[in-house]
Amino acid sequence: MIRSRFFFWSMNKRIVIAVDGHSACGKSTVSKDVAKELSLIYIDSGSMYRAVTLFCIRNDVNIEDHQQVAEALESINIQFSKTEKGQTILLNGEDVSDKIRTKEVNALVSQVAKISEVRSKLVEIQRSFAKTESIIMDGRDIGTVVFPDADVKFFLTAKLDIRTNRRYAEMQEKGIEGSLEFVQSNLQERDYIDSNRKDSPLKQADDALLIDNSELSQEDQLEYILNIIEKQIREDA
Ligand code: DC
């Protein structure tokens, strides 16, 4: 569908859209859809923290020892690539898009994301993406730390039960093991760690729009978000 909102692309303006929020509230799904509708580059910043976690697991890096993790970072190269199956993430050249979604990575990723050395390296890479392209990036600190001047910011959330059911269904579809109880306690734990860490905790930016999508369909949420983006960009023009 050709949308009238494509008008602002002709203005030749590079835009940055930040999407933050709790775990498993559909940030990546809606961000991908917005990217498609508006021809933006989508960056899943969480996948970068997951890739670092996978590297640490594979290489027996002790994540309690931040110095060891900082040294490991020097051997880590993260890139995104576009393929037939969509966007993939490459860890030192290997496609790890599925391998970063396992129970083991889920269990450790919030601990790794607490480490300041990890955050500063990944934030630098994340900022570099916006130097030449219009992007939409989702994560936990995108509107607060990575792009405090983003053109439009959203903060998504949904009730815990709903997020648990969505994540559980997603895992079953992909054949990943784990009980409903496990999924729920992992989400709660990650939200707690993400919101209470010292460096760049998850919080809503003052100028972000809060959306609780517990009762919203994916289509309605997408339409709502696209309308907000269009309105904001028109106002700023
Ligand atoms: O979005 P996700 O569930 O794939 O994110 C995985 C973890 O990475 C999450 O527990 C918090 C962390 N994260 C972060 O600290 N900052 C970001 N910008 C993105 C993710």
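Every heavy atom of this structure was used, including side-chain atoms; hydrogens, water molecules and symmetry mates were not. One-based numbering, in listed order, for ligands and for the atoms of each. Since the model is a prediction, treat every value here as computed from it, not as a measurement.
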**Request:** Would you kindly confirm whether Val34 and Val16 end up in one hydrophobic cluster when ILVMFWY residues are joined by side chain heavy atoms under 4.5 Å apart?
**Result:** no
Would you call [X]-[Y] a salt bridge at under 4.0 Å N-O?
X      : Y      : value
Glu170 : Arg167 : yes
Asp161 : Arg166 : no
Arg101 : Asp44  : yes
Arg234 : Glu230 : yes
Arg58  : Glu104 : no

In terms of residue, atom name and distance, what is the protein heavy atom nearest to [atom]?
atom                    : result
atom 8 (O) of ligand 1  : Tyr49 CB, 3.6 Å
atom 10 (O) of ligand 1 : Ser110 OG, 2.8 Å
atom 12 (C) of ligand 1 : Ala113 CB, 3.7 Å
atom 7 (C) of ligand 1  : Val109 CG2, 3.6 Å
atom 20 (C) of ligand 1 : Gly46 CA, 3.5 Å
atom 4 (O) of ligand 1  : Arg50 NE, 2.7 Å
atom 18 (N) of ligand 1 : Asp141 OD1, 2.8 Å
atom 19 (C) of ligand 1 : Ser45 OG, 3.3 Å

| message | Rounded at 0.5 Å granularity, tell me how far CD1 in Ile15 sits from CG in Leu38. | response |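 Result: 6.5 Å between the selected atoms.
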* Asked: Taking atom CG of Asp33 and atom CG of Leu226, what is their separation to the nearest 0.5 Å?
  ->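 Asp33 atom CG to Leu226 atom CG measures 8.5 Å (nearest 0.5 Å).
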If you compare Arg140, His22, Arg101, Lys27 by their heavy atoms, the one closest to atom 1 (O) of ligand 1 turns out to be Arg140
Could you list the atoms of ligand 1 found under 4.0 angstrom from a heavy atom of [X]?
X      : value
Arg197 : 14 (C), 15 (O), 16 (N)
Ile142 : 18 (N)
Gly139 : 17 (C), 18 (N), 19 (C)

Quick check: Arg190 and ligand 1, any N/O pair under 3.5 Å apart?
yes
For this session: Flag Asp194 as yes when one of its N or O atoms lies below 3.5 Å from any N or O atom of ligand 1, and as no otherwise.
Result: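 Between Asp194 and ligand 1 (N or O atoms, distance only) the closest approach is under 3.5 Å.
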Give the C-alpha distance, both sets of side-chain angles, the deciding distance and a yes or no for side-chain contact (heavy atoms from CB on, under 4.5 Å) between Arg197 and Asp194. CA-CA 6 Å; Arg197 66 179 174 228; Asp194 294 343; 3.6 Å; yes
Part of [X] with heavy atoms under 4.0 Å of ligand 1, whether side chain, backbone, both or neither:
X      : result
Leu202 : neither
Arg119 : side chain
Glu189 : neither

Ring center gap for Phe80 and Tyr42 short of 6.0 angstrom
no
For this session: For the residue pair Val19 and Met137, establish whether any side-chain heavy-atom pair is separated by less than 4.5 Å.
Result: no
### Query
Where the side chain of Asp220 meets the backbone of Leu216, is there a donor-acceptor pair that is under 3.5 Å apart?
no
Whether Met137 lies under 4.0 Å from ligand 1, heavy atom:
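No; Met137 lies far enough from ligand 1 that no heavy-atom distance drops under 4.0 Å.
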| request: Compute the minimum heavy-atom distance from Lys114 to ligand 1 and say whether it is under 4.0 Å. | output: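 No, Lys114 has no heavy atom closer than 4.0 Å to ligand 1.
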